[in-house]
Amino acid sequence: FAVSMRGVNQLLSRARLVRAGFTSVEPVLAGQAGILRSGKFAPTFVQLRGIQSSNVSSQAPLAAAVETGSVKQLKQELEAIVGASNVSSGESVILQHGQDEGPHAGKSPDIVVFPSSTEEVSQVCKICSKHNVPIIAYGTGTGLEGGISAVEGGVCVNVSKNMNKILEVHQEDFCAVVQPGITREMLNQEIRADGLWFPVDPGADASVCGMCATGASGTNAVRYGTMKENCLNLEVVLADGRIIHTAGIGCRPKKNSAGYNLTSLFLGSEGTLGIITAATVCLHAIPESVAAAVVGFPTVQNAVDTVVMTLQCSVPMARMELLDEVQMRACNEYSGLSYPETPHLFLEFHGSETEVGSQTETVREIAADNDGGEFQWAIQQEDRTKLWTARHRAYYADIALRPGCRSLTTDVCVPVSALPELVTATKADIDEHGLVGPMVGHVGDGNFHTMLLFDPADEEEFKKCKEVANKMARSAIALGGTCTGEHGVGQGKMMLLEEQFGKDGIDVMRQIKAALDPQQIMNPGKVFSRD
């Protein structure tokens, strides 16, 4: 079995920071966390090998699963479905599949399987359902809220390694059907020659099906929408192994008023209702002309006023990104740039050459009316790339502000008019806690992120970051927004989700889950608590 280089590098990096030892011998009984939760296997005493990470000392240690007789029995049944080479409980493999790219401490699954087809995924789910074993879907592991962590142990179903085909491309209908192993960059590389592209860009080269599972979006959402506007149909395997198509088998209409909207139900469900094994997504024509622009402002309010006026003038902006003064300082230091260290808008225009020229001139005038500085713009690819260098390297620039630090990256979304108030309040809160927290916003739709930097060895500093992040989310809700615009809930925002929706709203979600997953085995411990 070959582990990806990204996974190896993550594992080696983690290994440098850990001290391992046998910490306890505990009985694992029916109903407890772990693979023996069902009572269908005999209670066994297992020695748990703890890996105490100095990475984030405030969080629980990663657990490396130990192979018991029960696990061996389950492995044999799974191997009969997918083959022995596609089942692993090796320590390096399970560690890789228990931790995403966020700051939340991961927990490893007991077994990882690598199915090659939807039917194999269905058979795997049937076996897990029979034994009441948790199921955790895995795509590329690029999430930020601990959504892939096996909090109760169980079987991780890696649907990306062997299910990596573009099944259909319908050029004239502007859509494609992809398996979970296809990332957005892979899809764009394949369809570029047809004059098409898939515009949803969350930053990471995430799996398209994984993006459906988290309801992802990104920098292009102001014009092209999120995954929820760009998904036409999903193939989903339910906990009991049933296979459904949320808009009907083979259906890909742009409009659909038939029955309940099952596609939207599974979009953003984060693997708690089923495993997405194929997605039919919208494609768009590559624009004839693209222009980029960068302009600085004395305050965030000036920048947001420019955005609002631009949208009111019906300028069809492709991207509108806000970087605050801390982020600009980080980008200047990291990339050797010389932008003024004030809030900046990074803009992109799509259309015909004439349209792009007209749009650019309109926004230039609006920016000037709001005390904008020098309006730099470019049309050629290499010049656009140079202008956008600061935005593209923002995350790495932030980490470089404090060598050895980690980032608690969080996001919220509010009505655009409320953005200045929330940004100002959050910046004051960051300063009050003595933290460094650059901000980046998809300002055209009111979504912004903070990268709260902390010393992995400083438990108190991490707690301060969590306090700021939680207050930011609560303020967003109070302003008519949401606790997350695109990262999802995972483990990190479960409490905030309950505050946003209230008891009755969460109860309805629990009832939906209970109907589709009565055993509560699909990605347990995510989105909302069981009780």
Side-chain angles (χ1 to χ4, degrees), residues 33-41 65 70-84 86-89 93-94 97-98 108-139 147-164 179-181 207 209-210 212-214 233-246 249 262-263 265-267 269-279 512-527 530:
I35 202 161
L36 303 181
R37 73 200 287 257
S38 67
K40 293 183 181 291
F41 296 129
S70 309
V71 178
K72 288 181 179 179
Q73 179 183 339
L74 183 61
K75 278 184 68 176
Q76 291 173 356
E77 293 189 41
L78 294 171
E79 287 170 356
I81 300 299
V82 301
N86 287 315
V87 179
S88 177
S89 58
V93 177
I94 62 174
H97 286 79
S108 301
D110 298 279
I111 298 173
V112 180
V113 298
F114 302 88
S116 299
S117 67
T118 300
E119 185 57 38
E120 287 187 358
V121 175
S122 172
Q123 293 300 316
V124 167
C125 288
K126 288 178 181 178
I127 290 173
C128 292
S129 178
K130 179 179 73 173
H131 295 299
N132 201 26
V133 171
I135 304 167
I136 306 95
Y138 182 95
I148 61 169
S149 178
V151 296
E152 297 183 13
V155 174
C156 174
V157 183
N158 183 320
V159 286
S160 62
K161 183 190 176 191
N162 297 326
M163 299 176 67
N164 53 10
Q179 289 186 316
S207 159
C209 290
C212 291
T214 58
N233 199 353
L234 294 171
E235 180 183 75
V236 181
V237 178
L238 302 180
D240 59 7
R242 286 179 294 164
I243 302 169
I244 67 168
H245 296 80
T246 59
I249 297 176
L262 297 180
T263 303
L265 176 63
F266 284 92
L267 285 166
S269 61
E270 302 186 36
T272 62
L273 301 180
I275 299 177
I276 297 172
T277 52
I512 292 171
K513 180 170 174 62
L516 296 175
D517 178 22
Q519 294 172 275
Q520 305 284 303
I521 60 175
M522 296 301 300
N523 206 11
K526 315 294 167 51
V527 184
R530 189 170 298 180

Applying side-chain contact (heavy atoms from CB on, under 4.5 Å) to C125 and L238, what does each step give before you reach the verdict? CA-CA 8 Å; C125 288; L238 302 180; over 6 Å; no

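Take A239 and apply the side chain to side chain contact (heavy atoms under 4.5 Å, CB included) test, not counting sequence neighbours, and it matches D517, I521, M522. Qualifying side-chain hydrogen bond (donor to acceptor under 3.5 Å, both in side chains) partners for N158, counting only residues two or more places apart in sequence or in other chains: H97, S160. For I243, the side chain to side chain contact (heavy atoms under 4.5 Å, CB included) criterion is met by T118, E119, S122, E235, V237, H245, not counting sequence neighbours. For E120, the side-chain hydrogen bond (donor to acceptor under 3.5 Å, both in side chains) test picks out no residue, with sequence neighbours left out. Judged as a side-chain hydrogen bond (donor to acceptor under 3.5 Å, both in side chains), and not counting sequence neighbours, the contacts of T246 are N233, T263. Here E79 pairs with K75, A84, V87 under the side chain to side chain contact (heavy atoms under 4.5 Å, CB included) rule; sequence neighbours left out.
Between D110 and G154, the closest heavy-atom pair is OD2-N, 2.6 Å. Scanning all heavy atoms of the two residues, the minimum distance from S129 to Q519 falls at OG-OE1, 2.6 Å. Closest heavy-atom contact between G525 and V151: CA-CG2, 3.9 Å. A pairwise comparison of heavy atoms in Y138 and C156 identifies CB-SG, 3.5 Å as the closest pair. Closest non-hydrogen pair, I81 versus Q123, comes out as CG2-CB, 3.6 Å. The two residues V124 and V157 come nearest to each other via the heavy atoms CG1-CG2, 4.0 Å.
In this structure, CD1 on I135 lies 4.5 Å from SG on C128, to the nearest 0.5 angstrom. Atom CG of L273 and atom CG of L516 lie 5.5 Å apart (nearest 0.5 Å). Between atom OG of residue S269 and atom CG of residue N523 there is a gap of 9.5 Å, rounded to the nearest 0.5 Å. Expressed to the nearest 0.5 Å, how far CG of N162 lies from OG of S116 amounts to 4.0 Å. Expressed to the nearest 0.5 Å, how far CD of E152 lies from CD1 of I136 amounts to 8.5 Å.
Defined by atom type and a distance below 3.5 Å, a donor-acceptor pair is missing between the side-chain atoms of Q73 and H131.
Proximity of V236 to T277: side-chain heavy atoms (C-beta onward) are nowhere separated by under 4.5 Å. The side-chain heavy atoms of I94 and S88, taken from C-beta on, include no pair separated by under 4.5 Å. Two residues are said to be in side-chain contact when any heavy atoms from C-beta on lie closer than 4.5 Å; T272 and F266 fail this criterion. Contact annotation: the side chain of V112 never approaches that of S89 to less than 4.5 Å [non-hydrogen atoms, C-beta and beyond]. Looking only at side-chain heavy atoms (C-beta outward), V113 and I111 come within less than 4.5 Å of each other.
Between the side chain of K161 and the backbone N or O of F114 there is no donor-acceptor pair closer than 3.5 Å. A donor-acceptor contact shorter than 3.5 Å is absent between the side chain of K130 and the backbone of D240. One N or O on the side chain of S207 and one on the backbone of P180 form a donor-acceptor pair closer than 3.5 Å.
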